[in-house]
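To start, the structure under review is shown below, and the notes come after it.
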Protein chains: 2
Amino acid sequence: MKRFSESTVRRLSHYYRVLEEVHAEGQRMISSHLLAEREDITSAQVRKDLSYFGSFGRRGLGYNVEHLRTEIRAILGLDRRWRVALVGAGHIGAALLAYRGFRDQGFDVVAVFDSSAERVGKTLDELVVQDISKLPECGDIEMGVIATPVRAAQEVADMLVAAGVRGILNFAPRKLRVPEGVAVRTVDMTMEFESLSFALSQTRGKSRRRAGE
Amino acid sequence: MKRFSESTVRRLSHYYRVLEEVHAEGQRMISSHLLAEREDITSAQVRKDLSYFGSFGRRGLGYNVEHLRTEIRAILGLDRRWRVALVGAGHIGAALLAYRGFRDQGFDVVAVFDSSAERVGKTLDELVVQDISKLPECGDIEMGVIATPVRAAQEVADMLVAAGVRGILNFAPRKLRVPEGVAVRTVDMTMEFESLSFALSQTRGKSRRRAGE
DNA sequence: CGTTCCTTGTGAAAACGTTCACCTGCGGCT
DNA sequence: AGCCGCAGGTGAACGTTTTCACAAGGAACG
């Protein structure tokens, strides 16, 4: 099976979002140039990305917004619903549950787990927080979200994999070991801060320093 | 000024984290191979990354943990403290404030803003939530975190830039327009979900499908 | 002191991703 | 109908990032 680059997939998400906007504005067609303009991407990149998956445009006209939107939905697997389990009912977990956007995109959080006796039994966004030990029994789950402290992350990942999960969104700042066939995406805010810190250290004084060097 | 790739900087963060662990374990020296092992990176990559910034190792011995740790701290700009303003006191904002890890790394959230009358005036993690209109007066801030609804994101970004911020961590799923010299890192959870969704759609049946294609 | 076993640092090569340039197809206009 | 201008698709060129492979430095040991 052909592999696509992570960057291409991320850009598809961008295109999809732009298409949603443009669709809402009632536009029928859109050119690769316009599609690119809203992000900082070149039109050639847009055409190349899309061409990996098919020929969706028409020469001289551009892309049909409605059609391309449907195609990208299908490519990204957004033309179905995904059953998601959330592990960790702390602040991050609660933030995720509160954000309706995921549900709108087809991601249904159907179970919430935590290990703290304080939180188990409480209701969070219409879901009763269950003890983590119940995870193996929770049935048909396709994705898991790890929003636990870092020390629990690997253990939770193992449990999720054992429960049949094939995709994990990990908020713990640690690389998870998972068997082949399980996809992991890690969101590491500390790393983002550090990346900013690096960038600011590098450019320090760019606007202040006038002469020399 | 030489530019370094984003991937290199991210890996530096990884190395730093590994070094913290190894340091805590009391190890004195570490080889590029061992440094690589904990992530899925090759040892050559580790050496190449580090060589961009200097020669920190000793042939035959590896890297001195304490020394390399100090060097990377300096490279990433973690040998100082950063003053951070948080805009948006909703779930994500609260989650960030609650996480002590940032403070430990040198990132001090010194002010919290929100536009909702409900939240302004409340105390969140020892900080009083101020009205967003007070942002311009908040003084020497180096970084901003945008944890607002997407519709407010660009406006808040403009305000932060006007207030002198040179680094923005953005949780809103939108590309921000900022002047040159301002660094932006966007954490887009919807995109991560979509990336997982794509990955799962691609490999569907990898373990189920036996023969053919 | 020489040999052996490690491990770094780094040019060179390979792989990968992005941009360029051009051909082709399509609608509109005369 | 024929011409013109626009815009997608795509091979080739280009640039960047990763991997390879090896020379050189260093410790240990007989």
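Within every chain, numbering begins at 1; the chains are lettered A, B, ... in the order of the sequence lines, protein sequences first and strands thereafter. Just so you know, these numbers use all the heavy atoms, side chains as well, and skip hydrogens, waters and symmetry mates. This structure is a prediction, so every number in the text was calculated from the model and none was measured.
Taking the ring-ring contact (aromatic ring centres under 6.0 Å, His included) definition, one finds that B/Y63 meets it with nothing, sequence neighbours left out. Not counting sequence neighbours, the partners of B/Y99 by the ring-ring contact (aromatic ring centres under 6.0 Å, His included) test are B/F102.
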Please list every donor-acceptor pair under 3.5 Å in which a side-chain atom of residues 53-61 of chain B meets a protein atom from a residue at least two apart or in another chain.
none

Which atom pairs, one a donor and one an acceptor, fall under 3.5 Å between side chains of residues 83-96 of chain B and the rest of the protein, sequence neighbours left out?
unit_1 : atom_1 : unit_2 : atom_2 : d
B/R83  : NE     : B/D140 : O      : 2.5

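The nucleotide range of DNA chain C contacted by chain B, defined by atoms under 4.0 angstrom from heavy atoms of the protein and reported 5' to 3', is C/dC6 to C/dA12.
Between the side chains of A/E6 and B/S195, at least one donor N or O sits under 3.5 Å from an acceptor N or O. With hydrogens and angles left out, the side-chain atoms of A/H67 and A/E71 include a donor and acceptor closer than 3.5 Å. A/R69 and A/Y16 are not linked by any side-chain donor-acceptor pair at a separation below 3.5 angstrom, with hydrogens and angles left out of the test.
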Quiz item: Which parts of nucleotides 6-13 of chain D does protein reach within less than 4.0 Å, heavy atoms only, written one letter per nucleotide 5' to 3' as B for base, S for sugar-phosphate only and - for none?
Solution: BBBBBBB-

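A straight line from CZ of B/R28 to P of D/dA27 spans 14 Å, rounded to a whole angstrom.
No side-chain donor-acceptor contact under 3.5 Å links B/D108 to the backbone of B/V110.
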